[in-house]
There are 2 protein chains.
Amino acid sequence: MNSNNVTIYDVAREAGVSMATVSRVVNGNPNVKPTTRKKVQDAIDRLGYRPNAVARGLASKKTTTVGVIVPDISNIFFADLARGIEDVATMYKYNIILGNSDSSRDKEVHLLNTLLGKQVDGIIFMGGRLHEDLVEEFKKSPVPIVLAATLNQGYDLPAVNIDYEQAAYDATQMLINHGHDRVGFITGPLEQQINGEKKFAGYRRALEDAGLPFHENDMILGNYTYASGLEAMQKMLQRDDCPKAIFAGTDEMALGVIHAIQDAGYSVPNDFEVVGHDNTRLATMIRPKLTTVVQPMYDIGAVAMRLLTKILNAEEIEEKNVVLPHRIERRDSLRQD
Amino acid sequence: MNSNNVTIYDVAREAGVSMATVSRVVNGNPNVKPTTRKKVQDAIDRLGYRPNAVARGLASKKTTTVGVIVPDISNIFFADLARGIEDVATMYKYNIILGNSDSSRDKEVHLLNTLLGKQVDGIIFMGGRLHEDLVEEFKKSPVPIVLAATLNQGYDLPAVNIDYEQAAYDATQMLINHGHDRVGFITGPLEQQINGEKKFAGYRRALEDAGLPFHENDMILGNYTYASGLEAMQKMLQRDDCPKAIFAGTDEMALGVIHAIQDAGYSVPNDFEVVGHDNTRLATMIRPKLTTVVQPMYDIGAVAMRLLTKILNAEEIEEKNVVLPHRIERRDSLRQD
DNA sequence: TTTCCAAATGGAAACGTTTTATATCGCATG
DNA sequence: CATGCGATATAAAACGTTTCCATTTGGAAA
């Protein structure tokens, strides 16, 4: 029997009550006599009734669905984040509509509007940078928006991040403390807020605090991929004043860096030391295993979603701008102290 | 101005027409005089009207949303698949509700019912094995379901896959042709249909066709992860009759295998040859680069979604059980011929 | 002109719930 | 034996669209 198209009205008739009563039973409203409740529940089971969430959404103005805008779900980084979001969402009975933006302003805006049209109860946004017109749209949004692994750039938006500046500082400092007077910085495009403002700033501050000058050409920008890390390091190796310590903006780039070094006949960590960023699963899938900044992607996603549920339930919120702790996981791409 | 809560009725009044006409304009119905269309469009722009997809879904019984059930989105494999699905979905104006099942029967069934309750127009399912009660639910589904990278096990369900048996055959044969009379097979649990029935069968058939016996202990089962591949190979290396050729069930396992070999002081491909499976991005992130069976995850997702749209549009379908081509990408973990 | 027909528009029902205001029931209380 | 009051239950009005049917409109043909 197709459990389809049996409505609350059918159940009501079958159970000999009104649809309002069925609605109460379905929604766990306490004002129902136990015997009635049982009668209704039996009818529901007998008919295989499944509430229509669309009708429910229209009547109640709540869809128990949240939108998730992500640059690219096939990126391990965002996939992990998404998993954190989804797990907490499930916990709170929400479902997730997922959309990829490719960090394109147009797609972001379009996606946002589609999601709002679908009446999601809230949105979690990830992106490299908040374009101005996107923020405009955010302001007009009738539902709350939470940023995950995305800086709010001073706008009054709830966000969950780590302290990227400090993390980069720590990583760079760790390398400096190992006796290097030059530290290479191989990372992604500077337009990306986190990368261009935070990591870069942390890197420079660490140099500065150590009394070291910043050399323009010790920094090479790629696109976060393995190939671009490899290529950047190859380029750097051609210089005779090549830094012997490298801080890479992502683990994937770090793998490329290590391979470039090894391909050139050098050893990590004996000749070169390398620190990565993110602590993706990749970090242990290389020899030597990668020392890396731990950015808890799953947790960021989970916390962002939890924050969203708090806003939706009008729970008290201590801090809208959450900064999760980071640390550096020491593995073999760094020499023992 | 909050573009919220302005309804089709407001637009109708503003434009001096009926809501039916507004509806026609919004839906691109041709039976509207150009001047009227313009008038309505202006009113829409002026008011910032955004159609309510929930109300639309209730009235039209179409939500332009499809459900996607995936074991674990944080797995690079499924993330890639999901991206393929989403891209094609976007192309056809669908959105995606994504849910993780962790391959748990209960979660799969629960997720399915939630999605059906949300009135999705169709579902794409990925999972290691089709449990019987899940198939029961599938049969009752009022909307079409397409399997992606999941065998239909003889049930009459549309599915998109590659020929896993033949792929495993090809990989094993390639190793045999390199002069090995034993080939190790390190893979995941046999309960998983694709793994336990197809890959395993292909492996055995290749041995058989080459007149080689199947040694029970040349096969080690793990859980697809890097760590389990590493561990399995370490175990195998302890045997004095250890196979010098390894076919790994996934790239991630293959990386573990290669590292185990290297850790033991041997060389790939000189001492050992290794072939992986999937051709994830990992395959090139190792030295030597991994020779691997190409399973086009993105394409499987894309084709599965396209197939679903065909079913939804009642387009003609040549073949419901799609088998995409596979091949072996030769890289350095195999010696030159 | 009138007649007719297609094109354009409008009216109202339907979609399946939630929710509010209202009614009824059962029962202790005075 | 009425009275009143929670506790339950009902009826009906939203919710914002689509869609079916009916009606009007504007020309072209007669």
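Remember, it's a predicted structure, so these values are computed and weren't measured experimentally. Residue numbers begin at 1 in each chain, while the letters A, B, ... track the order of the sequences.
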Axial bend angle, the helix from C:dT1-D:dA30 to C:dG30-D:dC1: five-pair end segments, nearest 10°:
50°
Looking at B:T21, does any N or O in its side chain come under 4.0 Å of the phosphate oxygens OP1/OP2 on C:dG10?
yes
Where along residues 29-39 of chain B does a heavy atom fall under 4.0 Å from DNA chain C?
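B:N31, B:V32, B:K33, B:T36 - these, ordered by number, are the residues of the stretch whose heavy atoms sit under 4.0 Å from the strand.
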Per-nt protein contacts along nucleotides 13-23 of chain C (heavy atom under 4.0 Å; B base, S backbone sugar-phosphate only, - none) come out as --BBBBB----
Return each pair, listed once, that meets ring-ring contact (aromatic ring centres under 6.0 Å, His included) where at least one residue sits in residues 92-144 of chain A; pairs must be two or more places apart or across chains.
A:F125-A:F138
Which pairs pass ring-ring contact (aromatic ring centres under 6.0 Å, His included) with one or both residues in residues 28-48 of chain B, sequence neighbours excluded?
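Qualifying pairs, neighbours excluded: none.
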Strictly distance-based, threshold 3.5 Å: is any side-chain N or O of B:N100 a donor or acceptor partner for the main-chain N or O of B:D102?
no
Pairing residues for [X] by the salt bridge (Lys or Arg N to Asp or Glu O under 4.0 Å) criterion, not counting sequence neighbours:
X: A:D156; value: A:K320
X: A:E316; value: none
X: A:D10; value: A:R13
X: A:E319; value: none

Among residues at least two apart in sequence or on other chains, which ones pass ring-ring contact (aromatic ring centres under 6.0 Å, His included) with B:Y224?
none
All side chain to side chain contact (heavy atoms under 4.5 Å, CB included) counterparts of A:S18, not counting sequence neighbours
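Expected list: A:A20, A:T21.
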Residues forming a side chain to side chain donor-acceptor pair (under 3.5 Å) with B:Y298, sequence neighbours excluded:
B:D87
